[in-house]
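Just below is one structure, and these are the notes that go with it.
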There are 2 protein chains.
Amino acid sequence: MSAQRARIAEAMLGMPGAFTAEDLHRRVIEVTPGIGLATVYRALAAMQESGAIATVGDRHGSTLLARCERHDHHHHLVCTECGSVVGIDCPLGDAALISAERAGHLVTRHEITLYGLCAICRARADGDA
Amino acid sequence: MSAQRARIAEAMLGMPGAFTAEDLHRRVIEVTPGIGLATVYRALAAMQESGAIATVGDRHGSTLLARCERHDHHHHLVCTECGSVVGIDCPLGDAALISAERAGHLVTRHEITLYGLCAICRARADGDA
DNA sequence: CACTAAGTGAGAAAGATTCTCATATTGGGA
DNA sequence: TCCCAATATGAGAATCTTTCTCACTTAGTG
């Protein structure tokens, strides 16, 4: 692994939750100036391939990514307020499988993403109300 | 509703499944030349707002959309081969709700999308094998 | 140490989507 | 019917994200 990718991976550990390529690049160059945005995109593509990160939505046209502690199959719970992300298990419900079967569809992949407020932002929102 | 939007809505009825803004524009101008791509984007934005269409994925960076017969809450089953789309009911499984609850997360929105082969493409794939 | 494969930085390039602006159309009232 | 405000339109410019090019560097292997 190149020194640049190591710095990028390191910077990623410091990201609180969902982030864009540019968010991460901004953080990376604070510590290591000179690393190009293209390099960040290349590193992200490799990490996505390996399952280290996943797409969890988009923000104004930029792809939102999140680091996955787990590399096995799982889904995400995303806070729309602070961007924090939690990996969750949630197999497809029976209703989905029945619908697919009825349609004769062979399901090879599925995506489930939950959006809402995390415990912290929820408490803050209640406090404000 | 303007004449242009009527033509766009009409053309959309003829789209087989998932389509991009440009796919639809191409189809629209076959029948009614002169309608601009920006107008198609504007019409699509309005339809998405009203729930008449929904995002079902992306293809090489372009957003894939699909017409929804239903305007109530539902999800999609997308054929990765021919792009056909079927609306399905599939409430979140208990596992997902339990995970969210354990995290203290208030879920306000969720997306579930299933990808695979529709009955027709599946049969064709079997035939080829 | 040499060699090959992969990674890098900078900027160009590609693409999708949105915006601008001047013009046109719509629909509801007077 | 006519007027008016609000909204829609077309064309192309502009924006913005992401990928590609190219010349150069680095890493790892034998």
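Note on naming: letters A, B, ... go to the chains in the order of the sequence lines (proteins, then strands), and numbering restarts at 1 for each one. Excluded from the calculations below are hydrogen atoms, water molecules and symmetry mates; all remaining heavy atoms, backbone and side chain alike, are included.
As rounded to whole Å, 12 Å separates atom C1' of C:dT17 from atom CG of B:Leu65. Straight-line distance from the NE2 atom of B:His60 to the P atom of C:dT17: 13 Å, rounded to whole Å. Computed from coordinates, the B:Asp58 CG to C:dG15 C1' distance equals 13 Å when rounded to whole Å. Spacing between atom CG of B:Leu37 and atom P of C:dT20 amounts to 17 Å, rounded to whole angstrom units. Atom NE2 in A:His25 sits about 16 Å away from atom C1' in D:dC16, given to the nearest Å. Going from atom CZ of B:Arg42 over to atom P of D:dA6 covers 19 Å, rounded to whole Å. Computed from coordinates, the A:Arg5 CZ to C:dG7 P distance equals 5 Å when rounded to whole Å. Per the geometry, OH belonging to A:Tyr41 stands 19 Å off P belonging to C:dG7, to the nearest Å.
With contacts defined as side-chain heavy-atom distances shorter than 4.5 Å, the pair B:Thr55/B:Leu64 does not qualify.
Other residues, nucleotides and ligands place no more than 12 heavy atoms under 6.0 Å from the NE2 atom of A:His60. Around NE2 of A:His73, the count of heavy atoms belonging to other residues, nucleotides or ligands within 6.0 Å exceeds 12.
Side-chain atoms of B:Thr39 lie closest to D:dT9 of the nucleotides C:dT17, D:dT9, C:dG9. Comparing D:dT17, C:dT17, C:dG11 against the side chain of A:Ala38 picks out C:dG11 as the nearest.
Residue A:Asp89 is tested with A:His74, A:Arg70, A:His75 for a side-chain hydrogen bond (donor to acceptor under 3.5 Å, both in side chains); the sole match is A:Arg70.
Distances shown here put every side-chain N or O of B:Ser2 at or beyond 4.0 Å from the OP1 or OP2 atom of D:dT7. Listed pair A:Gln4 / D:dT25 fails the phosphate criterion, with no side-chain N or O lying under 4.0 Å from OP1 or OP2.
Residues B:Ala21 and B:Ala3 both approach DNA chain C. Their nearest nucleotides, taken by heavy-atom distance, put B:Ala21 toward the 5′ side.
As judged by a 4.0 angstrom heavy-atom cut-off over every strand, A:Thr20 is placed among residues making no nucleic acid contact.
With respect to the salt-bridge test (charged N to carboxylate O, under 4.0 angstrom), the residues B:Arg67 and B:Glu69 do not qualify.
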